[in-house]
2 protein chains.
Amino acid sequence: MKKRAPTIKEIAKMLNLSASTVSRALHDSRNISPATIKRVKEVAAELEYEPNQTAMFLQSGKTLTLGVILPHLTEAFFSQAISGIEDFASEHNYNVLMGQSHDDTNREKKIVEAMKNHRVDGLLISIAKNTKDFSHFEALRKYDIPVVFFDCAPETSDIHSVTCKLEAGMNEAVEFLSKKGHTRIAYISGPRDLLANRERMAGYHSSLKLLNIAFNPQYVVHSDLSKESTHYAMQNLLSLKAGPTAVIAFNDYVALDAMQYASKMNIRINKDISFVSFSNLPVYNYMENPPLASVEQFPYRQGQRATELLLEILNTVKGERAQGPFQKIILEPRLFIHTRFS
Amino acid sequence: MKKRAPTIKEIAKMLNLSASTVSRALHDSRNISPATIKRVKEVAAELEYEPNQTAMFLQSGKTLTLGVILPHLTEAFFSQAISGIEDFASEHNYNVLMGQSHDDTNREKKIVEAMKNHRVDGLLISIAKNTKDFSHFEALRKYDIPVVFFDCAPETSDIHSVTCKLEAGMNEAVEFLSKKGHTRIAYISGPRDLLANRERMAGYHSSLKLLNIAFNPQYVVHSDLSKESTHYAMQNLLSLKAGPTAVIAFNDYVALDAMQYASKMNIRINKDISFVSFSNLPVYNYMENPPLASVEQFPYRQGQRATELLLEILNTVKGERAQGPFQKIILEPRLFIHTRFS
DNA sequence: CTGTTAGCGCCTTCAC
DNA sequence: GTGAAGGCGCTAACAG
């Protein structure tokens with residue numbers, strides 16, 4: 001009925017050895033007689049001894065744990081990303097602690113605190129959409145906990161990050177539509193000051209310029225990413241005299257809401273108006289009428305790559321970390337075209 | 001340039017106090033003069049002191065961390081479940097450590113080891129589809145680490161679990177189709193010996209009996225859940241002389257693959273053959289032709305409820321845990337009917 | 001009110 | 001080859 005996990009001491013007692021000898025034996029120290037090593041290991045196996053990590057952590061200062069903070073686990077993008085993170089981390093014997101900010105800065109702060117207290121070795125963060133104040137991340141620096149941002153990162157230069165070249169994604173999207181003959185191309189934008197949105201906007205403008213299409217401000221509408229807001233944005237587009245013949249949406253969910261609204265208004269999806277989105281939901285492969293194309297951002301790979309970078313940083317000497325160099329890894333997106341019964 | 005996190009000792013030294021006084025002050029012990037408390041807290045705040053949890057863990061034996069093990073983070077069901085787990089856990093100041101088994105028993109074992117070494121306080125597990133040997137879970141008992149299984153649980157009686165009454169879900173599904181006039185109702189089954197599958201089968205049989213529909217073994221086909229296997233299963237159904245007019249699929253992904261195959265064979269989805277599935281993917285709300293109906297299993301709630309139960313167990317005295325009573329919480333599923341332009 | 005001591009489980013000197 | 005001692009950060013029991 002003894003319930004506690006066995007310790008090095010118990011093994012020692014059973015064999016009339018000292019704890020340190022047992023410790024060394026378990027680590028195959030060369031100063032221990034093979035016979036002792038054998039005996040120790042046998043008893044350890046029998047008791048199903050497992051080293052208590054918390055104790056080792058206390059000593060070494062390393063927890064072999066990475067923290068992941070992201071907005072929503074339920075969004076396909078993030079669940080794929082964290083899957084990549086977990087796979088890579090566990091391959092390298094790291095554990096993954098996770099928290100979701102629900103796009104709320106306060107929750108984000110709390111999670112950062114919790115992770116700090118937990119003494120994670122490093123952190124992977126995709127920041128909440130409305131986070132403007134980054135002081136809670138600054139604190140991590142003091143503690144020398146390295147952070148790699150992915151997907152959604154602050155705009156300062158003194159951070160590590162793995163992101164996707166969204167401007168290029170937008171370029172591909174616009175050019176794709178242009179080739180299909182569209183010139184009245186609208187964009188349902190996300191939160192205006194979000195970097196990820198500004199990058200898309202930049203791509204939108206640069207592509208129009210390149211293609212010699214005049215920029216029409218009426219073709220840019222905004223959504224706060226809620227269904228209602230997207231419907232309203234779509235409504236605005238449909239009310240124009242010369243409405244768009246193609247719509248690019250900030251992300252898949254916005255696209256789906258927009259398409260839903262358009263359908264309700266008897267617009268034929270991808271016939272009367274063609275849709276293109278960002279993120280490329282896996283389930284598009286099963287839909288009859290997904291957006292014509294979607295910018296794939298490879299979340300699994302982003303997660304993996306970010307974790308790889310974080311582990312590299314963890315392997316550099318502590319002192320050398322702080323001043324950089326700061327890595328900004330930028331992955332190329334790719335426009336996925338969904339061909340259907342057409 | 002000082003980088004290590006401040007400790008209680010440093011605060012003590014700065015104030016010429018002992019470490020224990022500082023510790024007590026930080027905990028608002030009543031035996032400490034208000035003045036001291038104030039001074040200590042000021043210095044602590046200034047240094048941005050945060051207690052080192054690993055140290056507290058070592059002492060108390062509690063890590064305030066829950067482990068979650070599930071097959072795939074990317075499956076909508078699980079990402080919703082873990083979202084519920086994380087939300088509930090973080091409300092109660094627990095951290096969540098996670099690992100995905102990828103439905104592989106060996107990986108599952110490794111993760112259990114890792115979690116054990118990490119000394120998580122408790123574990124939430126949805127077992128891998130092909131796990132037959134449960135010895136790795138037995139080991140957790142020795143360590144007195146309580147486990148709550150959810151969704152997919154072993155069939156022994158001496159465990160805690162939160163699951164969904166799948167037989168009832170199947171009953172609803174069959175009766176729904178029957179009311180629509182169907183009598184030739186097929187079932188694309190999952191792995192035969194999986195409990196979750198046998199429950200569905202039981203429901204299938206009991207409903208047919210109740211409805212006085214003769215059981216036709218040709219209407220039950222098997223899929224290992226891969227796309228190819230599902231396509232093959234569907235092919236078998238379509239080759240029957242008197243083929244089914246309705247198909248119930250083991251889960252959403254099987255349903256989508258089946259529908260995809262049927263479409264390719266020029267079957268009109270939900271006209272020539274009606275489809276019903278299990279799990280009710282959120283994205284169905286956006287599809288033109290989702291299954292007619294799907295059994296909603298409320299993964300978020302399952303996750304929440306499982307976590308709640310686990311925390312309750314953690315609050316009982318250690319000694320009292322082992323012998324139970326073992327809770328088996330069984331949630332009612334609900335058939336969601338997808339009405340569309342029809 | 002506050003300081004001292006001891007110990008959580010482990011590893012790492014240093015000593016024999 | 002092995003043992004003893006000390007310490008990682010913190011708290012709890014025992015002294016004052």
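All of these numbers come straight from a predicted model, not from anything done at the bench. So you know, we letter chains A, B, ... as the sequences are listed, proteins then strands, and number each from 1.
Taking five base pairs at each end of the helix from C:dC1-D:dG16 to C:dC16-D:dG1 and finding the rotation axis that steps the C1' atoms of four pairs onto the next four gives two axes whose angle is 50°, to the nearest 10°.
In the region residues 15-30 of chain B, proximity to DNA chain C at under 4.0 angstrom, judged on heavy atoms, holds for B:N16, B:L17, B:S18, B:S20, B:T21, B:R24. For the segment residues 39-50 of chain B, the set of residues with a heavy atom within less than 4.0 Å of an atom of DNA chain C is empty.
Between B:G61 and B:D121, the closest heavy-atom pair is O-OD1, 4.0 Å.
Residue A:L58 is in base contact, counting any heavy-atom pair closer than 4.0 Å across all strands shown.
Shown here are the salt bridge (charged side-chain N to carboxylate O under 4.0 Å, His left out) partners of B:R119, two or more places apart in sequence or in another chain: there are none. Shown here are the side-chain contact (heavy atoms from CB on, under 4.5 Å) partners of A:E75, two or more places apart in sequence or in another chain: A:H72, A:F78, A:Y253. Under the side-chain contact (heavy atoms from CB on, under 4.5 Å) criterion, A:Q80 pairs with A:A76, A:P282, A:P299, B:T74, sequence neighbours left out. B:L47 pairs by the side-chain contact (heavy atoms from CB on, under 4.5 Å) definition with B:P6, B:I11, B:M14, B:V43, not counting sequence neighbours. Residues satisfying the salt bridge (charged side-chain N to carboxylate O under 4.0 Å, His left out) criterion with B:D103, sequence neighbours excluded, are absent altogether. With sequence neighbours left out, B:T105 forms a side-chain contact (heavy atoms from CB on, under 4.5 Å) with B:K109, B:N130, B:T131, B:H136.
The backbone N or O of B:D158 lies less than 3.5 Å from no partner atom in the side chain of B:T156, so there is not a single donor-acceptor pair. Looking only at distances, a side-chain donor or acceptor of B:T7 sits under 3.5 Å from a matching main-chain atom of B:K9. Panel note: side chain A:E108, backbone A:A128; a donor-acceptor pair is recorded below 3.5 Å.
The pair B:K116-B:E113 meets the salt-bridge criterion, since a charged nitrogen lies less than 4.0 angstrom from a carboxylate oxygen. Electrostatic pairing of B:D104 and B:K129 does not count as a salt bridge here, judged by no charged N lying under 4.0 Å from a carboxylate O. Ion pair B:R305/B:E308 flagged as a salt bridge, since at least one NZ, NE, NH1 or NH2 atom sits closer than 4.0 Å to an Asp/Glu carboxylate oxygen.
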Solution key, residues 145-154 of chain B side-chain donor-acceptor pairs under 3.5 Å, sequence neighbours excluded:
from, atom 1, to, atom 2, distance (Å)
B:D151, OD2, B:S126, OG, 3.3

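Scanning DNA chain D 5' to 3' for nucleotides with an atom closer than 4.0 angstrom to a non-hydrogen atom of chain A gives a first and last hit of D:dG1 to D:dG9. Taking 4.0 Å as the cutoff to heavy atoms of chain B, we find the contact window on DNA chain C bounded by C:dC1 to C:dG9.
Map B:T36 and A:N52 each onto its nearest nucleotide of DNA chain C; the residue landing nearer the 5' end is B:T36.
For the pairing with B:I32, the side-chain contact (heavy atoms from CB on, under 4.5 Å) check across B:I37, B:V22, B:L17 returns one residue only, B:I37.
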